Amino acid sequence: MNTRRKFLQSSLFSSIGIVLTKKTLGASDSYPTVKGKPIVISTWDAGLNANKGAWNHLGKGGRALDAVEAGVMVTESEQSCCVGLGANPDRDGFVTLDACIMDDKFNCGSVAFLERIKHPISVARRVMEKTPHVMLVGSGAQQFAVAEGFTLEPQELSPDAKHAYEEWLKKSEYKPVINIENSKGHGPFAPSQFDNGEWNHDTIGMVAMDTDGNLSGSCTTSGMGFKMRGRLGDSPIIGAGLYVDNEVGAATATGQGEDVIRMAGSHTVVEYMRQGLSPEMACKKAIERVVKIKGEKAKDIQVAFLALNKKGEVGGYAIHKGFSYAVKSNDREELVKAKYVMD
Ligand code: ASP
């Protein structure tokens, strides 16, 4: 049986029972709480550097929209398993990138299945600002990028990605791995690499509030490593990987994109905040919804949400241990370990 058919016929997830952690399910709202403006938060340990990029704008009274673009561009330029042109390819050996951006006025732009462009987030912003559309994909997105002056980069894998792809080809297994962070960083689908610290983050989702109190967000990824060609996750989808409502708050997601899409993850988090929940509790409720939908299969996937409200409060929550997020404000710069619902 060829690899493709094997993948299509194989179950993505095995069936193992759910263990809900009493401690975390009963956890009260909410440490650590960070308040104030400007403020920026972003996913995983890569968020520390990304937040610095955002702070170049926020720290000078700049606009949150400029900050969230500049912030995630830092990650797009770094070598990693899962963001930017150096990331793991799809199962046919091509790096395909997804990104979206949203401002404080419901303006949004997105690109998906974009190849050979170094900064998909900036193309997403151009889609938002220069077209009447929200989303461009594939060759059309690339054509638009080139017309806008973006350079078409060579179609080649980074040495790390080439190595990971060659290793992956030996078995061609299509099996999601729960992405967790350890002391050496983290990354899904390449355990041997993250063991030696080469692969240290995946999707970068970022939300920020500027000194005027306006919110914006960005999200960029190469998605699931060795994915089926043409597969999109949640990251470029407004409402799934990212959502901003300037009256309420902003949220972003990381992890198994399919399970974020099916419950409109980031929009759901923002709606919980609209109902009065803190960012952390809003993320927790959304995670509990993912777990409820997935049933026992939730044991085998990671999903995490990260949110910021109009008061400048932040919070995150994950299904499993190992999700962290980076926070930067005038008086704090740190990586926070998120709470989780399952051991
Ligand atoms: N959410 C991304 C996707 O499904 C991957 C991730 O954040 O780990 O494409």
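All of these numbers come straight from a predicted model, not from anything done at the bench. Atoms within a ligand are numbered from 1 in the order they appear, just like the ligands themselves.
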Query raised in the report: Do any nitrogen or oxygen atoms of Arg231 lie less than 3.5 angstrom from nitrogen or oxygen atoms of ligand 1?
Result: yes

Query - For Met224, the ligand 1 atoms whose distance to one of its heavy atoms is below 4.0 Å - result: 9 (O)

Query raised in the report: Under 4.0 Å from any heavy atom of Gly233, which atoms of ligand 1 are there?
Result: 4 (O), 9 (O)

Query raised in the report: Does the N or O separation between Glu258 and ligand 1 drop below 3.5 Å for any pair?
Result: no

Query - Aromatic plane relationship, Tyr243 with Phe106 - under 30° parallel, 30 to 60° tilted, over 60° perpendicular - result: tilted

Query raised in the report: What atoms in ligand 1 come closer than 4.0 Å to a heavy atom of Asp234?
Result: 1 (N), 2 (C), 3 (C), 4 (O)

Requested in this report: Using distance alone, with no hydrogens and no angle criterion, decide if Ser122 and Glu69 have a side-chain donor and acceptor under 3.5 Å apart.
Outcome: yes

Requested in this report: Could you list which atoms of ligand 1 come closer than 4.0 Å to a heavy atom of Gly223?
Outcome: 9 (O)

Query raised in the report: What's the verdict on side-chain contact (heavy atoms from CB on, under 4.5 Å) for Gln256 and Met224, showing C-alpha distance, side-chain angles and the deciding distance?
Result: CA-CA 8 Å; Gln256 188 74 31; Met224 185 185 281; 3.1 Å; yes

**Report entry** Leu65/Asp104 under side-chain contact (heavy atoms from CB on, under 4.5 Å): CA gap, chis, key distance, verdict
**Finding:** CA-CA 8 Å; Leu65 180 65; Asp104 52 301; 5.6 Å; no

Query raised in the report: If you measure only the distance, is there a donor-acceptor pair under 3.5 Å linking the side chains of Asn49 and Glu78?
Result: yes

**Report entry** Per-atom contacts, ligand 1 versus Ser235 - under 4.0 Å to a heavy atom
**Finding:** 1 (N), 2 (C)

Query raised in the report: Where does the angle between the aromatic ring planes of Phe226 and Tyr165 fall among parallel (under 30°), tilted (30 to 60°) and perpendicular (over 60°)?
Result: parallel

Query raised in the report: Would you call Arg231-Glu258 a salt bridge at under 4.0 Å N-O?
Result: yes

Query raised in the report: Thr254 heavy atoms, cut-off 4.0 Å: which ligand 1 atoms fall inside?
Result: 6 (C), 7 (O), 8 (O)

Report summary line: Quick look: Lys227 vs ligand 1, heavy-atom contacts under 4.0 Å, and the answer is neither

